[in-house]
*Asks:* 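Dropping the structure in here first, questions after.
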Amino acid sequence: MSGFLTLLKNRGLLASQTHEHLDELVPIFEQVAPPEHMKTAYVGFDPTADSLTIGNFIQVLGLKRWQMAGHRPIALVGGGTGLIGDPSGKTQERQLLTKETVEKNVEGIRELLGRLLDFDEKRPNRAYLLNNADWLTKITFVDFLRDVGKYFTVPYMLAKESVKSRLETGISFTEFSYMLLQAYDFKYLFENYNCEFQFGATDQFGNITAGIEFIRKTLEKQAYGFAQPLILDANGVKIGKSQSITIWLSEHKTTVYKFYQYWINTQDADVERFLFYFTFLSENEIKEIIAKHQQNPEQRYGQKILAEEVTDMVHGKSKRTLAENASHILFGGDPTQAKVETFQTLASEIPFVQMDKQLLHEGLKVSDICVSLGITTSKGEAQRAIEQGSIYLKNQRVIDKFMKVTANDLLEGGYLLFRKGTKQYYLAQFI
RNA sequence: GGGGAGGUAUCCAAGAGGUCAAAGGAUGCUGACUGUAAAUCAGACGUGCGCCGCACUUCGUAGGUUCGACUCCUACCCUCCCCA
């Protein structure tokens, strides 16, 4: 019988593990594992921002998968470690965050994780959300050096990749000590929550093993860990960085529409892998989706499923539907059929201007509206653009460069949709 | 401190008294093609005007010479190079 690690491995989500037999230790159960078999695992989230990126999302999903396999997940927000700064994967010393910022960030992440995992107290393997500030800020420096520092040799710490890679460029004592704090976290959770497992991204592996070592030395008990891979797209680019824009999980940082679009824009070469990584669909379901996708790749069937699944998970179905409708309008749909809510969604995604309805009485020239909306910088340019056939009103090409818009042209809610070229949209509302 | 070169449109870069809104590239924009891709071909590209035309503004800044200045003169500002 295969366990949780096999599940991850089959989906391409296992990069490394601390022990060979981990798979047997964590069998997969329906919903809830019997108490004697229930295992607890934690993942730490660094509060460097008030939200998480889709890079962190892999770890959140890891916790979710863990919970779905009947075990208990703990999401640990680093309110304490965030004050120090994790050197893992960083090439430079980081600016310290203020305590206020860290607290604000912790709250943002807390809110997000609260939606993504099941914290229902009736569920025996309910998730926990903890903040290491609760214990890390209480320990005194001298105690820390005696109780934690004594168990780590400097050569051991220097050998860790997170430190080693920084020896040339410099690393402060503060960041150097980071792994001790994370080790302390693990021990704390091990003792207080019976948490035997920790996982994270591959760059966390060094910190994870430090914790296991610490638990073995101080408690003479065995803890375990594994790492999920860093996800790259087919071009070898880290996911969630489209043209240097980070894709966040919170709506206030990345709108639902942009989030949805990010997944829709997945390359064909990545669709199958991403379905394995970011959804809970079974292998058979994914194979079917891919088979269907390949019959008409231009339909983006696979991307649509991916975008729907992921957006539903993060933002909920109703918001996903709005984003979907907005996408539909912007990519070939008929705007005359669109509802007011769709335009409201669009208004925050594309250049949007409100104008006075009175202007339409005499009829308003398209070329004038082009300037008001910022489609073109001058009327002359607008007229040339129309001559070249690049201006569209309600997805219909404007042919007459002196064409006037009247109140009869308005769509639901007084909206009017313009387009320049193939995909630059502009929205006006006449009120 | 001494000597030299130069500042032109989004960027690079021609122009050396009138035919200059200013060659040629590149980027960006648009059209065709296409799967919300790349490549390719084509077009417009200072501003205004119901636009095969006319007017206005622009070649570092401010003055001047001239019928006429991106081009000549003066001063100033800035950049780069060489020598000390």
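Just so we're on the same page: letters track the sequence lines, and every chain starts at 1.
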*Asks:* With rounding to whole Å, what would you report as the distance between B/U58 and B/U47 at their C1' atoms?
*Replies:*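 Between the two C1' atoms, the distance is 10 Å.
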*Asks:* Is a donor on one side and an acceptor on the other found under 3.5 Å between the side chain of A/R126 and the backbone of A/E121?
*Replies:*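 Answer holds: no.
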*Asks:* Using a 4.0 Å cut-off on protein heavy atoms (strictly under), produce a 5'-to-3' string for nucleotides 30-35 of chain B with B for base contact, S for backbone-only sugar-phosphate contact, and - for none.
*Replies:* SSS--B
*Asks:* How long is the line joining CD of A/E324 and C1' of B/U36, in whole Å?
*Replies:*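 From A/E324 CD to B/U36 C1': 15 Å.
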*Asks:* Give A/I264 one of three labels, base, sugar-phosphate or nothing, depending on what nucleic acid heavy atoms sit under 4.0 Å from its own.
*Replies:*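 Base contact.
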*Asks:* Do we see a donor-acceptor contact under 3.5 Å between the side chains of A/S282 and A/E285?
*Replies:*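 A pair is found: one side chain offers a donor N or O, the other an acceptor, under 3.5 Å apart.
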*Asks:* What's the gap between B/U19 and B/A13 when it is taken at their P atoms, as a whole Å value?
*Replies:*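 It comes out at 25 Å once rounded to the nearest Å.
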*Asks:* Across all strands, who's sitting opposite B/U79 as a Watson-Crick or G-U wobble pair, both distances under 3.5 Å?
*Replies:*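 Here B/U79 is engaged in a pair, and the nucleotide opposite it is B/A5.
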*Asks:* Distance check, P atoms only: B/U8 and B/U65, in whole angstrom units.
*Replies:*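 Approximately 27 Å lies between the P atom of B/U8 and that of B/U65.
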*Asks:* In the strands shown, is B/U10 matched to any nucleotide by a Watson-Crick or G-U wobble pair with both distances under 3.5 Å, and which?
*Replies:*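 Across any shown strand, B/U10 pairs with B/A26.
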*Asks:* Could you let me know what B/A55 is paired to, Watson-Crick or G-U wobble, both distances under 3.5 Å, or none if it's on its own?
*Replies:*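 Checking every strand shown, B/A55 finds its partner in B/U47, with both distances under 3.5 Å.
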*Asks:* Decide whether A/K160 and A/T209 meet the rule of one side-chain donor and one side-chain acceptor closer than 3.5 Å.
*Replies:*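 There is such a pair between these side chains.
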*Asks:* Pick from A/Q182, A/Q228, A/Q198: which one makes a side-chain hydrogen bond (donor to acceptor under 3.5 Å, both in side chains) with A/Q204?
*Replies:*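 Testing A/Q204 for a side-chain hydrogen bond (donor to acceptor under 3.5 Å, both in side chains) against A/Q182, A/Q228, A/Q198 leaves exactly one candidate, A/Q182.
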*Asks:* For a side chain to side chain contact (heavy atoms under 4.5 Å, CB included) with A/V60, tell me which candidate from A/L52, A/V314, A/V43 qualifies.
*Replies:*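 It is A/L52, the one option of A/L52, A/V314, A/V43 that forms the side chain to side chain contact (heavy atoms under 4.5 Å, CB included) with A/V60.
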*Asks:* Figure out the CG/P separation between A/D400 and B/C51, and round it to whole Å.
*Replies:*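 Those two atoms, CG and P, are 14 Å apart.
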*Asks:* Tell me: CD of A/Q383 to C1' of B/G43, nearest whole Å?
*Replies:*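 Rounded to the whole Å, the gap is 17 Å.
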*Asks:* Any strand is fair game: report the nucleotide pairing with B/A38 by Watson-Crick or G-U wobble, both distances under 3.5 Å, or none.
*Replies:*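 Paired with B/A38, as far as the under-3.5 Å criterion goes, is no nucleotide at all.
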*Asks:* Just wondering, do A/F214 and A/L180 contact through their side chains at under 4.5 Å, heavy atoms?
*Replies:*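 No. Closest side-chain heavy atoms not under 4.5 Å.
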*Asks:* Mind telling me whether A/Y193 and A/Y188 have parallel, tilted or perpendicular rings, with 30° and 60° as the class edges?
*Replies:*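 Geometry flag for A/Y193 against A/Y188: tilted rings.
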*Asks:* Is a donor from one side chain sitting under 3.5 angstrom from an acceptor on the other, for A/N194 and A/T40?
*Replies:*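 A/T40 and A/N194 do not have a side-chain donor-acceptor pair below 3.5 Å.
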*Asks:* Any strand counts, and the cut-off is 3.5 Å on both contacts for Watson-Crick or G-U wobble. Which nucleotide pairs with B/G68?
*Replies:*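 Its partner: none found.
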*Asks:* For B/A26 and B/U40, measure between their P atoms and round to the nearest Å.
*Replies:*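 B/A26 and B/U40 have their P atoms separated by 11 Å.
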*Asks:* Could you tell me which nucleotide pairs with B/A16 by Watson-Crick or G-U wobble geometry, both distances under 3.5 Å, or answer none if nothing does?
*Replies:*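 The base-pairing partner of B/A16, which may sit in any strand shown, does not exist here.
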*Asks:* Can you tell me the base-pairing partner of B/U74? Count Watson-Crick or G-U wobble geometry only, both distances below 3.5 Å, and say none if there is no partner.
*Replies:*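 Pairing partner: B/A62.
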*Asks:* Could you pick out which residue, A/R384 or A/E381, lies toward the 5' side of RNA chain B when each is mapped onto its nearest nucleotide?
*Replies:*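 Going by which nucleotide is closer to the 5' end, it is A/R384.
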*Asks:* Measure from the side chain of A/F331, starting at C-beta and using heavy atoms only, and say which of B/C51, B/U36, B/U47 lies closest.
*Replies:*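 Selected nucleotide: B/U36.
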*Asks:* If pairing requires Watson-Crick or G-U wobble contacts with both distances under 3.5 Å, which nucleotide is the partner of B/A21?
*Replies:*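 Pairing partner: none.
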*Asks:* Please give the distance between the C1' atoms of B/G31 and B/G25 as a whole number of Å.
*Replies:*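 About 22 Å, rounded to a whole number of Å.
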*Asks:* Is the phosphate of B/C49, meaning OP1 or OP2, less than 4.0 Å from a side-chain N or O of A/K379?
*Replies:*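 So the side-chain polar atoms of A/K379 do come within 4.0 Å of the phosphate oxygens OP1 or OP2 of B/C49, strictly under.
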*Asks:* In whole angstrom, give me the gap between the C1' atoms of B/G6 and B/C12.
*Replies:*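 After rounding to an integer number of Å, I get 15 Å for this pair.
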*Asks:* Between B/G24 and B/G43, how far is it from one P atom to the other, in whole Å?
*Replies:*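 The answer is 12 Å between these two P atoms.
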*Asks:* Which glycosidic conformation, syn or anti, is assigned to B/C52 if syn requires a torsion within 90° of zero?
*Replies:*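 Syn, since the glycosidic angle lies within 90° of 0.
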*Asks:* So, applying ring-ring contact (aromatic ring centres under 6.0 Å, His included) with A/Y42, which one of A/F197, A/F186, A/F199 is it?
*Replies:*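 Single pass found, and it is A/F186.
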*Asks:* Can you check the distance between B/A39 and B/G46, where both ends of the measurement are the P atom (answer in whole Å)?
*Replies:*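 These two P atoms come out 25 Å apart once rounded.
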